[in-house]
Amino acid sequence: MFRARRYRVLVIFAAAVVFTFFHFARSRDWSTTIIEEAPGVHPPDHAYPNRPVTSKPENQAAAAAIEENRNHVLPDSHRGSTSPPQPEKINSPVGPNSGSKDSSSQFKDAFSDTPVKTPIKDDPYGSAKVGSTNNLPQTADNSANGEEIDNGGTGRKAAERPMPGIPTAKWKKFPERFPVPAEEVIKLPKEQSKTIPKLQAKFKDESSSDKQERLQRLSTIKAEFTHAWKGYKEIAMGHDELKPLAKEFEDPFNGWGATLVDSLDTLWIMQLKDEFAEALDVIKKIDFKTSMRADIPVFETTIRYLGGLLGAYDISGHGYPVLLEKAEELAEVLIGAFDTPNRMPHLYYRWAPEHVAKPHRASSRAGLAEIGSLSLEFTRLAQLTKRDKYYDAIARITNELEKIQDSTSIPGLWPLRVNAQGCPKYSKDTTPRDSSPTREQHATSTTKSTTTTTRKPYAAPTDLESYLKLIPRDTNADIEGYAKPANDTRVASELGIQAREQNTPAEQCNGGLILPNSPHDNAYSMGGMADSTYEYLPKEYLLLGGQNEQYLNMYKKAATAARKTLLFQPMVKGGRDIRFMASTTPMTPGKIAELTPTDLEYGSTHLTCFVGGMFALGAKAFAIDGDLELAAKLTDGCVWAYESTQTGVMPERFRLLPCEKGSACEWDQARFEAGVARYSRVDPGAGHSFRNGESSYEQRVNLMTHDPPQGTAAGSIPIPMPGSLNPHDSDVLVKRDELTLGKRESSSAASSPTPTPSGADLQNRDAPRSSSSPASPHVAEVGKDHLPAGMTSIPSPHYYLRPEAIESVFIMYRLTGDESWRRKGWQMFEAISKYTRTELANAGIHDVTAQKPIHKDTMESFWLSETLKYFYLLFSDPTVVDLDKYVL
């Protein structure tokens, strides 16, 4: 018999619990639930930017906008959960930028762990491939060995589609917190353009046979473009990128259709007018005031979207006003990133109203190319709209770069990172304030204890890929409170020094750019993380019609410093007279460096291949004696790199042996073998011989940063120069140099030791290799890779469909009229087409040294917007996109 008195305490307690639960459930306002972010960790994409917040808005406009977006009630099945609902993922790549660390890319039902394949109702093309589990072995681009598949720019991050039923937040324009007084706005130069020397060569009349051959090659290149465009249109139309192997799409750049917008001008140039009109219909529907991800990467968005829209508007003869209208719509969002105390842009702009309503500031570790490569697009927009505020935004950055140009460790050049925050006070702290260290902290301390006491100094990486693994991006630089969370640790140097901001009043954060105080940030290169800042100097001068000599002076200083400190001649077979640009190792900040050969990393990256075209433009525009010849040697160096590999395609990154300046540069087999052995001995267990020199460094960096974002590229925008007589017959392509770098090396490549190559092996390096099957889909034929004569190691053998080399070849042809550049360009095209073409489109290559290279499941927007465009223009009549009328 149940005795209530015996259990009365239990009954009373249970009743109290039930009463409390119901009271709490009825009284709680679920619409204001805060989804907490772990201190020091940037929110993944599933932490929706439109989530409700409880912070008090600071003005009525902010309160109204936030209230309008306050109806984000979680579905009933998720109420009471302490974690945000997992959204439906759209082909999110496995990698550090893929957002959530969930092992599945599928939407999970709230009541079960079983993945549910949910169709996407709002996909107008019905092409979404939902339900793939990307972390399991699937294709050659995603094997079980764990390589993280995520190439691309610094701003690359897989976007996630929000759950059905949850309204999307909309960007709102608020009054600026730090406005520029009207009398202080820097005005767009409007004087008469100066007389600029003619750039294009005077071309000879071509014979009928030569013309027939040229037109045939032009047709072949156009067919390659239409093949890739058809694949994009069929699977990914309206989305950022096509995954040509999985036959899916992905949205790493906010999901607005990066490839679509970026390729518009190429469609027009190739006279694909029907495709242009179809693309235009889709572009009209883009809403730049909302996004599937929480932040906007300002650099990538500017070069791919703003540049794409302006380029198409100009090349089509201003016949489609909607393109300029969409460019202004996007620019109005982007200009908010400049609303900081010192007007330096917040490079990862938190666009949702609850963030826009708060003050924010620029990053203390801004990438040089990210902050210095916004000028062409914003200047052209200012010219077209007659609105000075767009020019003012980038002119202030230029002014700051000019101020520090002579004060760097290599006067004339800028370090790869600058402090754009404008706050004067920082403290160095090597002890975490939180009792429980983060994974990054633990990895850093482990790396220090196991490597710093025994290893030798290593060379700085010359590509963005490696630097991004070392330095995670700063995407959350809001100035409210001016203090980072207690355990927000960033690897600021090899010793784990943390640069922490003090609680500084906003009015004191109005300083200019500050040179870095960390050796790792104080490295110098013309390649990734720096490239387009230099490239834009002569192009901005041309775009402004020579009305601002600031860009001329800055270019001359940079070119002089690069010639003096970074330029070198490599030792190659056959005595070919070529040149490359070295990069430096990290240097102690605060003093001018006296460089020795040990301070330099001798090698090159595909991104650095823009320098040939840049020196050629500078030579003719500024009448610099000898630089046109130097430009030819630099460009031919990249052509040599293409010709040297098994596939005829240049690797992403490789090392070389420099010749002594002023001496004969003859081939020395013994010296070459010693150079190869040097890199293979750096880390005996790091993989195949020509990657070992980099593997040990990359392994240390991976431990230090755990899951950093990967390194970009972009397209180009047609922009007529001032005084262009006929905008219909030319195109100005503001090249977006690529911050899009490669992916980290596969873990399997860094696990199996390979013996140091013998002299006999090196002597026979040009012999055909075995056709045995690859040991790994990511590292084809481990131990048998083809090491070209002259390359002592190839840390990154990938090819990402990049345009830099063919761009310089195109510029050299247009500026010299030398037909040899067309022959070299055609050889490059045939090799690239042969090894990148897939059933659906084109794809990158894992290893260009392999006899049977394996594709990457990626096709960046710049393949259509730049690479194929430059191939096409190389064989077009020189009046098409005349370089005396347009800036490329």
Side-chain angles (χ1 to χ4, degrees), residues 45 88-95 97-99 105 119-132 134 138-139 141-142 149-153 156-161 224-264 266-267 272 274-287 291-293 300-301 304-305 308 312 712-715 740 800-801 836-844 855-868:
D45 281 331
E88 180 177 351
K89 286 191 176 182
I90 305 301
N91 304 322
S92 176
V94 177
N97 293 332
S98 58
S105 63
I120 301 173
K121 297 179 181 180
D122 58 345
D123 179 17
Y125 296 92
S127 54
K129 307 290 184 181
V130 182
S132 61
N134 288 328
Q138 294 174 351
T139 66
D141 203 45
N142 187 15
I149 307 303
D150 187 43
N151 69 299
R156 188 181 185 89
K157 186 175 183 182
E160 296 172 340
R161 194 175 294 276
E224 194 73 16
F225 177 92
T226 55
H227 170 69
W229 177 260
K230 181 181 178 182
Y232 170 77
K233 174 183 172 182
E234 177 184 343
I235 302 295
M237 187 68 160
H239 292 278
D240 288 348
E241 291 179 0
L242 169 69
K243 293 170 70 69
L245 304 185
K247 298 183 180 179
E248 301 173 351
F249 62 77
E250 60 181 340
D251 288 312
F253 298 112
N254 294 88
W256 293 321
T259 296
L260 173 72
V261 176
D262 213 8
S263 306
L264 266 182
T266 309
L267 289 170
L272 297 169
D274 291 340
E275 289 80 356
F276 180 91
E278 185 177 11
L280 196 63
D281 288 339
V282 180
I283 286 173
K284 292 176 182 177
K285 301 175 183 177
I286 297 175
D287 185 0
S291 174
M292 291 183 289
R293 59 180 277 185
E300 298 286 354
T301 302
R304 296 180 194 251
Y305 290 106
T712 148
T740 27
Y800 294 105
L801 306 173
T836 67
R837 190 179 179 94
T838 70
E839 175 190 355
L840 192 63
N842 295 81
H855 289 129
K856 290 176 170 287
D857 195 10
T858 179
M859 187 178 81
E860 290 256 14
S861 68
F862 50 76
W863 168 244
L864 297 177
S865 67
E866 283 195 88
T867 309
L868 287 177

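The figures here come from the full heavy-atom set of this structure, side chains too, leaving out hydrogens, waters and symmetry mates. In this text the structure is predicted, and so the values were computed from the model without any measurement.
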message = Rounded to the nearest 0.5 Å, what separates atom CZ in Phe249 from atom CD in Glu234?
response = 13.5 Å

Qualifying residues under side-chain hydrogen bond (donor to acceptor under 3.5 Å, both in side chains), relative to Thr836, sequence neighbours excluded = Asn842

Heavy-atom pair of closest approach, residues Leu260 and Gly238 = CD2-CA, 4.4 Å

task = Inspect the contact between Lys233 and Glu278 and indicate whether a charged nitrogen and a carboxylate oxygen are less than 4.0 angstrom apart.
result = yes

task = With Met859 as reference, evaluate Leu245, Leu242, Leu840 under the side-chain contact (heavy atoms from CB on, under 4.5 Å) test and give the passing residue.
result = Leu242

key: Check: Arg293 side chain, Pro252 main-chain N or O, donor-acceptor pair, under 3.5 Å   = yes

task = Decide, yes or no, whether a salt bridge links Lys247 with Glu839 under the criterion of side-chain N to carboxylate O below 4.0 Å.
result = yes

task = With sequence neighbours excluded, tell me which residues meet ring pair (Phe, Tyr, Trp, His ring centres under 6.0 Å) with Tyr232.
result = Trp229

inquiry  = I'd like to know if the side chain of Asp240 and the backbone of Trp256 have a donor-acceptor N/O pair within less than 3.5 Å.
reply    = yes

query = Stepwise, does the side-chain contact (heavy atoms from CB on, under 4.5 Å) test hold for Leu868 with Thr266?
reply = CA-CA 8 Å; Leu868 287 177; Thr266 309; 5.5 Å; no

task = Give the intermediate values and the outcome of side-chain contact (heavy atoms from CB on, under 4.5 Å) for residues Glu248 and His239.
result = CA-CA 10 Å; Glu248 301 173 351; His239 292 278; over 6 Å; no

note = CG of Leu801 to NZ of Lys856, rounded to nearest 0.5 Å, is 10.5 Å

task = Evaluate side-chain contact (heavy atoms from CB on, under 4.5 Å) for Val261 paired with Arg304, printing each intermediate quantity in order.
result = CA-CA 7 Å; Val261 176; Arg304 296 180 194 251; over 6 Å; no

request  = Determine the minimum heavy-atom distance between Phe862 and Tyr800, stating which atoms define it.
outcome  = CE1-O, 3.2 Å

note = Distance col, row Glu241:CD vs Trp863:CH2, nearest 0.5 angstrom, shows 14.0 Å

task = Using modelled atom types only, decide if a donor and an acceptor are shared between the side chain of Asp857 and the backbone of Ala246 within a distance under 3.5 Å.
result = yes

task = State the CG-OG1 distance between Leu864 and Thr259, to the nearest 0.5 angstrom.
result = 6.5 Å

message = Looking at Tyr305 and Phe253, would you say the former's side chain and the latter's main chain have a donor-acceptor pair under 3.5 Å?
response = yes

task = Could you tell me which residues satisfy salt bridge (Lys or Arg N to Asp or Glu O under 4.0 Å) with Lys284, sequence neighbours excluded, listed by chain and number?
result = Asp281

message = Could you work out, with side-chain contact (heavy atoms from CB on, under 4.5 Å) as the rule, every residue matching Ala843, not counting sequence neighbours?
response = Pro244, Thr838, His855

inquiry  = Just verifying a value: how many Å separate Leu280 CG and Leu264 CG, rounded to the nearest 0.5 Å?
reply    = 7.0 Å

